[in-house]
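Position 1 is the first residue of the sequence, and the numbers go up from there. Atoms within a ligand are numbered from 1 in the order they appear, just like the ligands themselves.
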Amino acid sequence: MNQKSTTTPAADRYARSTALHEKARQLMPGGVNSPVRAYQSIGRDPIIIREGAGCTVIDVDGNAYIDYVGSFGPLIVGHAHEKVIAAILKTAKRGTSFGMPTELESHMAAAVIDAVPSVEVVRFVNSGTEATMSALRVARGFTGRSKIVKCIGGYHGHADGLLVSAGSGATTLGVPSSPGVPESITSQTLLLPYNNTAAAEKLFEEQGDDIAAIIIEPVAGNMGCVPPEPGYLEDLREMCNDAGTVLIFDEVMCGFRVAYGGAQSLYGIKPDMTAMGKIIGGGMPCAAYGGREDIMRQIAPDGPVYQAGTLSGNPVAMAAGLATLELLREPGTYKRLETLSARLADGLRNAAEKAGVDMQLNRVGSMLTPFFTTRPVTDYDTATASDTAAFATFFGVMLDEGVVLPPSQFEAWFVSLAHDEKTIDQTIAAAQKAFRAVAAG
Ligand SMILES: *Cc1c(COP(=O)(O)O)cnc(C)c1O
């Protein structure tokens with residue numbers, strides 16, 4: 001880790017990153033290809049990454065950081081894991097894309113179906129956005145209904161109908177929905193507060209017959225980590241059964257993260273469809289949607305609902321995903337993630353308490369968010385009551401101390417198998433300083 005943080009002036013320390021970002025801003029909106037990366041909400045220039053290994057990333061100035069971004073979720077086995085890289089290289093040498101099926105796609109499909117209890121048939125796509133967008137199209141085709149339901153603060157990618165009260169990036173930037181999205185489309189999207197069964201019951205009573213699907217993060221991760229309250233997902237399952245509505249779990253973040261079989265296996269609930277992404281690509285662009293056979297057979301060419309992709313099921317992405325899933329199936333994997341993450345959570349709580357900082361820490365397995373707020377965080381309203389200026393201070397000290405966090409109060413941190421007791425304890429030591437800085441205002 002970087003030991004120079006106390007002696008090197010900050011401006012020098014980040015000089016190359018700052019210069020490169022300045023140049024990038026001329027070329028790309030915000031100098032980035034996904035908004036949160038621009039560090040806008042925490043008011044600094046982003047670090048530009050040169051390389052990563054294990055739980056460490058190194059920026060273009062040569063500073064090393066313990067990384068809790070993990071590419072926003074995919075890198076559960078760490079950066080540049082030798083088995084994942086070997087699989088990528090081996091596959092790439094034989095060609096990177098064919099527009100014709102490969103055997104790897106069937107291997108990957110079998111692995112996903114085997115892992116996720118409710119998935120009987122699966123289709124691969126290239127991003128989580130495509131997965132949720134396509135799942136909704138199929139659900140609408142299957143039910144012949146047009147309305148969909150999402151939760152306030154839930155993020156399901158940037159498809160038009162889903163960019164309504166959409167958490168993380170949108171929350172951070174204060175854009176509740178986006179210009180360019182026609183009202184005719186968002187009028188088909190109904191909103192519910194997360195973890196609120198009574199509100200869901202009322203909505204289903206009034207409009208249940210018109211609702212094609214409810215899409216929900218079974219563990220919310222895009223307003224920061226917010227677990228489902230006991231019984232909430234069960235209640236939604238029952239309402240969907242009664243109304244003939246397709247229950248879609250968006251497990252793009254929590255799938256293969258909170259358990260190998262995702263949140264649905266952790267909580268024992270069977271959705272009709274599941275969107276997956278992030279981890280299943282092992283750091284390559286890959287996502288998937290799957291579910292009940294009768295629903296999934298609606299998809300072309302088996303059925304009339306059209307969805308396609310030039311690079312879908314890409315062999316290199318399949319190989320990276322397969323290698324990652326194989327590593328996750330090794331014995332003790334999720335227990336280790338749990339142990340490390342609990343150690344981090346306990347350390348953060350103690351550090352906050354010692355510094356006299358109000359903090360609520362939510363965690364499910366290796367997803368966690370410390371919220372700078374006094375009240376428990378159970379939904380979007382309680383999440384957004386957090387002190388984002390305090391988070392920005394915390395983030396800045398952590399970065400200077402050699403720990404890189406997701407640059408928003410409304411993101412989850414990810415612990416990987418490449419972290420260990422030592423790096424967790426270094427993180428906690430840095431957090432002690434960061435909480436003291438928050439307390440000092
Ligand atoms: C990241 C994410 C998406 C979008 O995935 P992309 O690959 O960024 O398009 C969708 N849903 C959830 C829950 C996510 O966390």
Student: What protein heavy atom is closest to atom 2 (C) of ligand 1, reported as residue, atom name and distance in Å?
Tutor: K278 NZ, 2.6 Å
Student: Identify the protein heavy atom lying closest to atom 11 (N) of ligand 1, giving its residue, its atom name and the separation to 0.1 Å.
Tutor: D250 OD2, 2.6 Å
Student: Report, as yes or no, whether the 6.0 Å neighbourhood of atom CZ on R329 holds more than 12 heavy atoms from other residues, nucleotides or ligands.
Tutor: yes
Student: Please determine if Y155 has a nitrogen or oxygen closer than 3.5 Å to a nitrogen or oxygen of ligand 1.
Tutor: yes
Student: Is it true that, when you exclude Q298 itself, more than 12 heavy atoms of the residues, nucleotides or ligands shown sit nearer than 6.0 Å to its CD?
Tutor: yes
Student: For salt bridge (charged side-chain N to carboxylate O under 4.0 Å, His left out), just list the numbers for R137 and E130, CA-CA rounded to whole Å, side-chain angles, deciding distance to a tenth of an Å, and then say yes or no.
Tutor: CA-CA 10 Å; R137 181 179 304 148; E130 271 185 83; over 6 Å; no
Student: Which atoms of ligand 1 have any heavy atom of S127 under 4.0 Å away?
Tutor: 7 (O), 9 (O)
Student: Side chain to side chain contact (heavy atoms under 4.5 Å, CB included) with Y194: which of I152, I216, D381?
Tutor: I216
Student: Think R44 forms a cation-pi with Y14, using NZ or CZ under 6.0 Å from the six-ring centre and within 45 degrees of its axis?
Tutor: yes
Student: Is E217 touching ligand 1 with its side chain, its backbone, both, or neither, if touching means heavy atoms under 4.0 Å apart?
Tutor: side chain
Student: Considering only the protein, which heavy-atom contact is closest to atom 7 (O) of ligand 1, and what is its distance?
Tutor: G128 N, 2.8 Å
Student: Minimum distance, heavy atoms only, to atom 4 (C) of ligand 1: which one of N222, T129, T132 is it?
Tutor: T129
Student: Taking OH in Y306 as the centre, count heavy atoms belonging to other residues, nucleotides or ligands within less than 6.0 Å. Is the count above 12?
Tutor: no
Student: With atoms numbered from 1 as shown, which atoms in ligand 1 lie under 4.0 angstrom from a non-hydrogen atom of G157?
Tutor: 3 (C), 4 (C), 10 (C)
